[in-house]
Number of protein chains: 2
Amino acid sequence: MNLTSIYDKKLRNSGLRPTKQRIKICEALFDSEKTFHFSINDLANIINNKSSLKISLATIYNTVHAFKEKGYLKQIPLNTNQAYFDTNISDHHHFYDVNDKKLIDLDNSDVGPINIYKKINGKKIKSIEVLVKLED
Amino acid sequence: MNLTSIYDKKLRNSGLRPTKQRIKICEALFDSEKTFHFSINDLANIINNKSSLKISLATIYNTVHAFKEKGYLKQIPLNTNQAYFDTNISDHHHFYDVNDKKLIDLDNSDVGPINIYKKINGKKIKSIEVLVKLED
DNA sequence: ACAAACTTTAGAATCATTATAAACTACGAA
DNA sequence: TTCGTAGTTTATAATGATTCTAAAGTTTGT
Ligand SMILES: [Mn+2]
Ligand SMILES: [Mn+2]
Ligand SMILES: [Zn+2]
Ligand SMILES: [Zn+2]
């Protein structure tokens, strides 16, 4: 089974029609071995520079949000003027280099176990994310 | 020594002139025992509802940024469309209730020690912030 | 082939934030 | 105290990421 039909199935299973735009966005996001971090504009450039089929920004926004809903992407909590996403959806954390403005993965194995002792009544933990800021 | 003259000194020591706008912003931020979280708009409402001296949004932005630079405020890393700040500048962390969209402090004592095993050459750790998302 | 539901898109709208530049204020020196 | 300068405030405009709109295009099941 080739990648395109895997994406086709992935999309169908999520209730999303496998349009050529969505397949192409899947290719840009999930073809590579390595995971990566990106802003919407990064992704638009990746896609629209390397191909003749141009995808509108609106579609890229729509698709990234849909993929985030479905759990195929994660958004990284950061104090920036634009949203950053991650194709690495495993439980993991981040370095943020404030000088170079770069994100670096911190695998779960790079961080000791995190214990939260405080409980809030009627609420349960959905995720725990650690942001480690780095400077020179 | 009253609060106003404490703020006066605090501002002078930071190289900021103690204008009536900045004193008033200090009062809104630092008079209370309790620390709190706020957006720029929250702060503008707090100030401009409870007083006859209206302060322009531009000044509030400028002052909040200046205070953040000086370390009198912290910005909280969050995926929201607006910046959130914290008058609690101690080392601490946050719950974010995704249903109620509320921030709750997690004191350092509420979180076990955090160990980061990965090192990046030439960089040092500036801060470690944990965001724990809560859901119902 | 057809109708319905879904999708894409250009362009407009929104809105948080930043920039501009003119009027105002604080402050030190004379 | 008066003056000059640097710093500050403000209304307003500009910016830019994101979302909305509605019309045109596509996919899907029958
Ligand atoms: Mn943010
Ligand atoms: Mn953000
Ligand atoms: Zn990552
Ligand atoms: Zn806090």
Side-chain angles (χ1 to χ4, degrees), chain A residues 4-5 7-28 37-48 51-70 72-73 75-85 101, chain B residues 4-5 7-28 37-48 51-70 72-73 75-85 101:
Chain A
T4 298
S5 61
Y7 298 143
D8 188 286
K9 187 174 297 180
K10 182 172 187 157
L11 289 165
R12 281 180 204 282
N13 288 343
S14 314
L16 298 169
R17 290 182 181 173
T19 62
K20 59 185 188 306
Q21 288 86 350
R22 284 175 179 157
I23 296 285
K24 181 169 268 297
I25 292 171
C26 280
E27 289 167 354
H37 307 126
F38 65 94
S39 69
I40 294 286
N41 250 300
D42 293 338
L43 183 57
N45 289 332
I46 290 167
I47 289 171
N48 291 329
S51 164
S52 50
L53 168 66
K54 307 299 181 196
I55 303 179
S56 74
L57 248 196
T59 295
I60 294 176
Y61 271 98
N62 290 340
T63 304
V64 166
H65 282 146
F67 285 4
K68 181 187 165 190
E69 290 299 305
K70 298 301 178 179
Y72 303 148
L73 291 173
Q75 187 173 351
I76 303 168
L78 263 192
N79 290 319
T80 54
N81 57 331
Q82 66 203 314
Y84 277 84
F85 298 90
K101 300 190 196 309
Chain B
T4 298
S5 61
Y7 298 143
D8 189 286
K9 187 174 299 182
K10 181 173 188 157
L11 289 166
R12 282 179 203 282
N13 288 343
S14 316
L16 299 170
R17 289 184 181 170
T19 62
K20 60 185 186 305
Q21 289 87 347
R22 285 174 177 157
I23 297 284
K24 180 168 270 296
I25 292 171
C26 280
E27 288 167 354
H37 306 127
F38 65 94
S39 68
I40 295 287
N41 249 299
D42 293 339
L43 183 57
N45 289 332
I46 290 168
I47 289 171
N48 291 328
S51 166
S52 51
L53 167 65
K54 305 300 181 196
I55 303 179
S56 74
L57 248 196
T59 295
I60 294 176
Y61 271 98
N62 290 339
T63 304
V64 166
H65 282 145
F67 286 4
K68 182 188 164 191
E69 290 300 304
K70 299 299 179 184
Y72 304 148
L73 290 173
Q75 187 174 353
I76 304 168
L78 263 193
N79 289 320
T80 54
N81 56 330
Q82 66 203 312
Y84 276 84
F85 298 89
K101 299 188 195 313

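So that the names make sense, note that chain A is the first sequence line, chain B the second, and so on, each numbered from 1.
Evaluation of the side-chain contact (heavy atoms from CB on, under 4.5 Å) rule for Asp42(A) yields Phe38(A), Ser39(A), Tyr84(A) as partners, not counting sequence neighbours. Residues passing the side chain to side chain donor-acceptor pair (under 3.5 Å) test with Tyr61(B), sequence neighbours excluded: none. The salt bridge (charged side-chain N to carboxylate O under 4.0 Å, His left out) test applied to Arg12(A) returns Asp8(A), not counting sequence neighbours. Judged as a side chain to side chain donor-acceptor pair (under 3.5 Å), and not counting sequence neighbours, the contacts of Lys68(B) are Gln75(B). In this view, Lys54(B) and Asn48(B) satisfy the side-chain contact (heavy atoms from CB on, under 4.5 Å) rule, not counting sequence neighbours.
Inter-residue side-chain proximity for Pro77(A) and Leu78(B) is flagged as unmet; no heavy-atom pair is nearer than 4.5 Å. Taking the side chain as every heavy atom from C-beta outward, His37(A) and Phe85(A) never approach each other to under 4.5 Å. With contacts defined as side-chain heavy-atom distances shorter than 4.5 Å, the pair Val64(B)/Tyr72(B) does not qualify.
For DNA chain D, the contact window with chain A, defined by any atom under 4.0 Å from a protein heavy atom, covers dA17(D) to dT28(D) in 5' to 3' order.
The closest donor-acceptor contact from the side chain of Ser14(A) to the backbone of Lys10(A) lies under 3.5 Å. In this structure, Thr63(B) contributes its side chain and Thr59(B) its backbone to a donor-acceptor pair below 3.5 Å.
Remark on the helix from dA1(C)-dT30(D) to dA30(C)-dT1(D): inter-end axis angle 20°, axes from five-pair C1' superpositions, rounded to 10°.
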What string of B, S and - do you get for nucleotides 14-19 of chain C 5' to 3' if you count protein non-hydrogen atoms under 4.0 Å?
--SBB-
So if I define the base as every atom that isn't primed, P, OP1 or OP2, how would nucleotides 25-30 of chain C read as a B/S/- string at a heavy-atom cutoff under 4.0 Å?
-BS---
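Taking CD1 of Ile60(A) as the start and CD1 of Ile55(A) as the end, the distance is 5.5 Å to the nearest 0.5 Å.
For Ile23(A) and dT7(C), the CD1 to C1' distance is 14 Å, given to the nearest whole Å.
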Between side-chain atoms of residues 15-26 of chain A and protein atoms elsewhere (two or more places apart, or another chain), which donor-acceptor pairs fall under 3.5 Å?
unit_1: Thr19(A); atom_1: OG1; unit_2: Arg22(A); atom_2: N; d: 3.2
unit_1: Arg22(A); atom_1: NH1; unit_2: Arg17(A); atom_2: O; d: 3.0
unit_1: Lys24(A); atom_1: NZ; unit_2: Ser51(A); atom_2: OG; d: 2.9

